[in-house]
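Worksheet for the structure shown next.
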Protein chains: 2
Amino acid sequence: MSEQIMPLEENPGGSDFLPGLAMDFVIFGFHQYQLKILLLEYRNTDLFALPGGFVKKQENLNDAARRVLAERTSLTNIYLEQFYTFGDLARYDQVPMRTIMQAKGLVPTDEHWLLHRFISVGYYALIDFTKAVPTPDPLSDTCTWYDLDNLPGLMLDHADIVRKALQTLRADLDRKLIGYDSWAAPLLPEAFTMADLQKLYETILGQKLRRSSFQRKMLSLNILERLEKQYSGGAHKAPYLYQFKQ
Amino acid sequence: MSEQIMPLEENPGGSDFLPGLAMDFVIFGFHQYQLKILLLEYRNTDLFALPGGFVKKQENLNDAARRVLAERTSLTNIYLEQFYTFGDLARYDQVPMRTIMQAKGLVPTDEHWLLHRFISVGYYALIDFTKAVPTPDPLSDTCTWYDLDNLPGLMLDHADIVRKALQTLRADLDRKLIGYDSWAAPLLPEAFTMADLQKLYETILGQKLRRSSFQRKMLSLNILERLEKQYSGGAHKAPYLYQFKQ
DNA sequence: TTATTATTGTCTCATTATGGAACAATAATA
DNA sequence: TATTATTGTTCCATAATGAGACAATAATAA
């Protein structure tokens, strides 16, 4: 959902958008050694949902995804991957959306465009937790980070969407780390230690990795640049700092 | 495209289908050591296209895919994977479809539903070359196997779709071989030699593999059952026959 | 009948990758 | 100054893979 649908009176039929087509976003951020995603909450409904949006009639699908992401996070140049398109009839349940609209004081007819069946293209994004400015859409009240392993109940099939996003992310970790822009860069500070990077890997994969093997592998990939030593603050040898090359 | 759109007069607005949403299929078959895909040809137009179809309003997306595949191949129980959804505005070019319809003697108005913008969900399928009965859809004249490395020019972005399908298939080869049903089974006869399986791998990957390593790896996966020896016909030791377990 | 040929199944050994532990180095703290 | 925790690196055992060798053998040729 995006600014364009509010006030609903200005776009009563959703006529700027391709009908029946939506996007849902699993937006990952990393903070304090925990993987988080952005969720929208609808006050007085106990409903939580993934940020979503619609595609304009004169807009590329992937451009629409970037536009909506910018609206929800204030960030452009986001690491973004399309991962699956969800089209089960079971998605077509009017109850949650009707509840949300009623909690807003809106009384939609059965024909309201937001109550129609939607096919939804799933995207996952990796963003800098510290730079994002989470912004609710016109129908929701908050846009907040939630720990991935402590999510509230999500409406419709959004829990499935999160599961599939995480599964795809995990499967693509190694393959997508190399290349001009790494998925890991937006999740880490400019300069980071090898332990930081390993913790990030472990958090995403949900399993521990061997320290020496991890260091050996990362260095052999030739994608890291070693900087001067860091001030650690810990009672131990200070680790090197790294940044992604180029 | 499917039976339901012909004659067009019976479904003038495509009103049985979700508007603006299509599916495109890259249907792989393997024959005489070559990887082939099914293409539709439109007589008097020089246009070739991937088989495609639309989703009914009361149908799951993935069920629609199986329905259309059955229409084009006569096969059910097909190995099928959704791999990407294509939504660039550049797809929205009325010229090819208008040419196709005109070659059929149809003169669509600018508003004809087939001339609208479509977002298309891409699927790839792996099917038994010998069991399929390729069947053109109502607008096309032939549905024929083409060698993957000798394709004719395809309309719209269909060449991109093929490229992405092959790329996904290659990346998933090892991961998807194991499990209840292997991608390879539909592309090979009931019983096959290790050389057959290796040739199939090599053809899909587009590169040679080492024989001893390949054999070692396949046997270690524990997914093959070794049968009695085969009658070879070749002037050499007869190889074992295998079939996929269970 | 015997030799030839091509391909197979398996083995060997070198090379490379990975698991798991060891160890000295050292920044902060006690 | 000693202690502590963590680091960067090394080592070695184990596993995986690359590359080739070799005897076995079904069909064919001689």
Side-chain angles (χ1 to χ4, degrees), chain A residues 32-33 170-178 184 188-245, chain B residues 32-33 170-178 184 188-245:
Chain A
Q32 291 174 335
Y33 298 132
R170 283 176 174 169
D172 290 351
L173 269 198
D174 284 338
R175 204 150 41 83
K176 300 274 177 66
L177 185 67
I178 36 191
L188 291 170
E190 189 73 29
F192 50 89
T193 67
M194 193 60 77
D196 291 335
L197 182 57
Q198 182 173 346
K199 260 289 180 199
L200 174 58
Y201 252 88
E202 290 176 343
T203 305
I204 292 176
L205 291 177
Q207 61 179 16
K208 292 275 174 201
L209 300 174
R210 265 145 286 280
R211 190 174 60 91
S212 61
S213 304
F214 184 81
Q215 170 126 343
R216 181 167 47 193
K217 180 170 173 173
M218 287 301 128
L219 292 180
S220 75
L221 289 177
N222 219 36
I223 54 170
L224 297 179
E225 192 159 6
R226 181 179 277 186
L227 310 177
E228 81 286 0
K229 294 208 169 197
Q230 90 172 135
Y231 171 77
S232 149
H236 53 77
K237 180 173 173 180
Y240 288 110
L241 284 171
Y242 296 89
Q243 62 186 23
F244 288 103
K245 276 188 184 170
Chain B
Q32 292 176 335
Y33 298 133
R170 284 177 175 169
D172 290 349
L173 269 198
D174 284 339
R175 203 151 41 83
K176 301 274 177 65
L177 185 67
I178 35 191
L188 291 169
E190 191 71 30
F192 50 87
T193 67
M194 193 60 79
D196 290 335
L197 183 56
Q198 182 173 347
K199 258 291 178 195
L200 174 58
Y201 252 88
E202 290 176 341
T203 304
I204 292 175
L205 292 176
Q207 62 178 17
K208 291 275 173 199
L209 300 174
R210 265 144 288 277
R211 190 175 61 94
S212 61
S213 304
F214 184 81
Q215 169 125 344
R216 181 166 48 194
K217 181 170 174 176
M218 287 302 128
L219 292 180
S220 75
L221 290 177
N222 219 37
I223 55 172
L224 296 179
E225 191 160 6
R226 180 179 278 186
L227 309 178
E228 80 287 359
K229 294 210 169 193
Q230 89 171 138
Y231 171 76
S232 150
H236 53 77
K237 181 173 175 178
Y240 288 110
L241 285 171
Y242 296 88
Q243 62 186 27
F244 288 103
K245 275 188 185 170

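To find a chain, count down the sequence lines: A is the first, B the second, and so on, and within it residues start at 1.
Pairing partner, D:dT25: C:dA6, with both Watson-Crick or wobble hydrogen-bond distances short of 3.5 Å. Remark: D:dG18 base-pairs with C:dC13. Criterion, Watson-Crick or G-U wobble with two distances under 3.5 Å.
Checking D:dT7, C:dT10, C:dT29 against every side-chain atom of A:Ala235, the shortest atom distance belongs to C:dT29. Closest to the side chain of B:Ala238, from the set D:dA26, D:dT7, D:dG8, is D:dA26. Distances from the side chain of B:His236 to the nucleotides C:dT7, C:dT26, D:dT28 place C:dT7 closest.
Salt-bridge formation is detected for the pair A:Asp172/A:Arg175: a Lys NZ or Arg NE/NH1/NH2 atom is positioned less than 4.0 Å from an Asp or Glu carboxylate oxygen.
A straight line from CG of A:Leu227 to C1' of D:dG8 spans 16 Å, rounded to a whole angstrom. Rounded to whole angstrom, the span from the CG atom of B:Leu219 across to the P atom of C:dC11 amounts to 11 Å. Across the protein-nucleic acid pair, A:Lys217 atom NZ and C:dG19 atom C1' stand 13 Å apart, rounded to whole Å. For B:Lys237 and C:dT4, the NZ to C1' distance is 17 Å, given to the nearest whole Å.
Listed by residue number, B:Arg210, B:Arg211, B:Ser212, B:Ser213 are the residues of residues 201-213 of chain B with a heavy-atom contact under 4.0 Å to DNA chain D.
Comparing B:Met194 and B:Arg216 along DNA chain C, the residue whose closest nucleotide (by nearest heavy atom) sits nearer the 5' end is B:Met194.
Looking at B:Glu202, its side chain does come within 3.5 Å of a backbone N or O of B:Leu209 through a donor-acceptor pair.
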Does the side chain to side chain contact (heavy atoms under 4.5 Å, CB included) test come out yes or no for B:Leu197 and B:Tyr242, once each step is laid out?
CA-CA 9 Å; B:Leu197 183 56; B:Tyr242 296 88; over 6 Å; no
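Proximity of A:Gln215 to the phosphate of D:dT9: a side-chain N or O atom is located under 4.0 Å from OP1 or OP2.
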